Novice: 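Just passing along the structure, written as structure tokens.
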Amino acid sequence: MTSPATTDDPGPAAPGSVPPAVPAGDSATAPASARADIGFTPEPTLVHERVIDWFEVHARDLPWRAPECSPWGVMVSEVMLQQTPVVRVLPRWQDWMQRWPRPIDLAQAPTAEVLTAWDRLGYPRRALRLQAAAQAMVERHSGEVPDTAETLRELPGVGEYTAAAVACFAFNQPEVVVDTNIRRVHARAFTGHALPGKTYTSAQRRLAADLMPDTAPDAGATACAWNASAMELGALICTARAPQCEICPVADLCAWRAAGSPAPTEEQQTRGQGWAGTDRQVRGAIMAVLRTGDPVERDQLLEALPLPEASPEQRSRCLDSLIRDGLAAQTGALVSLPGA
DNA sequence: AAGCCGGGGGC
DNA sequence: GCCCCAGGCTT
């Protein structure tokens, strides 16, 4: 099919009509641009075309991208994919959709089963919020996934990204979807930076909005194609660690490449959170025990954690915080998943 | 704006 | 061992 990205462009995107890519090291005149503070930025329309065409050939065959996938399936995938890589989500998503194919099915499930099915995807509060969202959909939306970003945003666990992604990918709404992959693609291709930095700034939000293809005839489909394509490019080619510029469809248009692929600045480093010794590690260890099944005595549970470094105070504090979060429950001395 | 919240795989 | 991953929520 023809790319709708250029249907509003009267002039054909002939090579000569577009500012030529600047080969690294070429000090020739680079077109000035209001879009970034560097000497060269690519023509967005050309990037749209290239990246969308690349996507149509190289996109991964993910089940939540199938035409027959329900909005609920899309929403489940988006929540599971919050900070969890695709390869780990795939099997959990399959099980989940088989077991709870509609929002109402999850809404009525015992919370203990929901947390067990979440398995080790991490951040189990997401599972709790997804069930709460399902219950809200039953109560407020006749058991249907809302079809606008604004309404989706009101659901538990649905932030700016997820609301836009579900509205776009499930309902073809022309929302501006910005995830970590897209931020990085924008930073490199258009801003000329190695990495986008830790915080999502208003300038980045503005850039993302400016970059959306404006196509009157089929705005939803084109916006969705661009969002999905840019995301996939960031996931497969324009990766954080070792980008594969050799096979990138917009390597010759990339502002970062044109600038000589400078290394990330101090400001752009992301600095990890640390893991060993944290409450997150201890909470995770407790949840791993509780997921295995039967209620256990509190003292026995806390002593048996495979974390020699964790103090009794930390173990106790973490269990209490899990109970407070609704991820665990205690009756007398017995601790279990909630509702188990 | 910064900190917290899991867990595993890649390098 | 460090870094990253289709973020969200609280302070």
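The sequence lines fix the lettering, A, B, ..., with proteins before strands; numbering per chain opens at 1. Remember, predicted model here, so these are calculated numbers, not experimental data.
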Novice: Expressed as a whole number of angstroms, how long is the span from Arg92(A):CZ to dG6(B):C1'?
Specialist: 15 Å
Novice: Can you list, by residue number, the residues of residues 96-122 of chain A that have a non-hydrogen atom closer than 4.0 angstrom to DNA chain B?
Specialist: Arg120(A), Leu121(A), Gly122(A)
Novice: Run through the side-chain heavy atoms of Ile, Leu, Val, Met, Phe, Trp and Tyr, join any pair under 4.5 Å, and report what else lands in Leu322(A)'s cluster.
Specialist: Leu115(A), Leu128(A), Val282(A), Ile286(A), Met287(A), Val289(A), Leu290(A), Val296(A), Leu301(A), Leu302(A), Leu305(A), Leu307(A), Leu319(A), Ile323(A), Leu327(A), Val335(A), Leu337(A)
Novice: Suppose you measure atom C1' in dC3(C) against the same atom in dG6(B); what distance do you get, rounded to whole Å?
Specialist: 15 Å
Novice: Among residues at least two apart in sequence or on other chains, which ones pass ring pair (Phe, Tyr, Trp, His ring centres under 6.0 Å) with His58(A)?
Specialist: Trp54(A)
Novice: I'd like to check the salt bridge (Lys or Arg N to Asp or Glu O under 4.0 Å) partners of Arg60(A); sequence neighbours left out, ordered by chain and number.
Specialist: Glu232(A)
Novice: Can you name the residues that form a salt bridge (Lys or Arg N to Asp or Glu O under 4.0 Å) with Arg184(A), not counting sequence neighbours?
Specialist: none
Novice: In B/S/- notation, 5' to 3', how is nucleotides 2-11 of chain C contacted by protein heavy atoms closer than 4.0 Å?
Specialist: -BSBBBSS--
Novice: Tell me, which pairs form a salt bridge (Lys or Arg N to Asp or Glu O under 4.0 Å) where one or both residues lie in residues 294-313 of chain A, sequence neighbours left out?
Specialist: Arg298(A)-Asp320(A)
Novice: Show every ring pair (Phe, Tyr, Trp, His ring centres under 6.0 Å) that has at least one partner inside residues 283-314 of chain A, sequence neighbours left out.
Specialist: none
Novice: Could you write out DNA chain B as a dot-bracket string, with dots for unpaired bases, | for bases paired across to another strand, and Watson-Crick or G-U pairs counted at under 3.5 Å?
Specialist: |||||.|||||
Novice: List the residues meeting ring pair (Phe, Tyr, Trp, His ring centres under 6.0 Å) with Trp96(A), not counting sequence neighbours, and say none if there are none.
Specialist: Trp100(A), Trp118(A)
Novice: Whole Å only: how far is the CZ atom of Arg317(A) from the C1' atom of dC5(B)?
Specialist: 14 Å
Novice: Do Gln173(A) and Thr148(A) have a side chain donor and acceptor closer than 3.5 Å?
Specialist: no
Novice: How many Å lie between CZ on Arg283(A) and P on dG3(B), as a whole number?
Specialist: 18 Å
Novice: Residues in salt bridge (Lys or Arg N to Asp or Glu O under 4.0 Å) with Arg140(A), at least two apart?
Specialist: none
Novice: With sequence neighbours excluded, what pairs up with Arg126(A) under the side chain to side chain donor-acceptor pair (under 3.5 Å) test?
Specialist: Thr84(A)
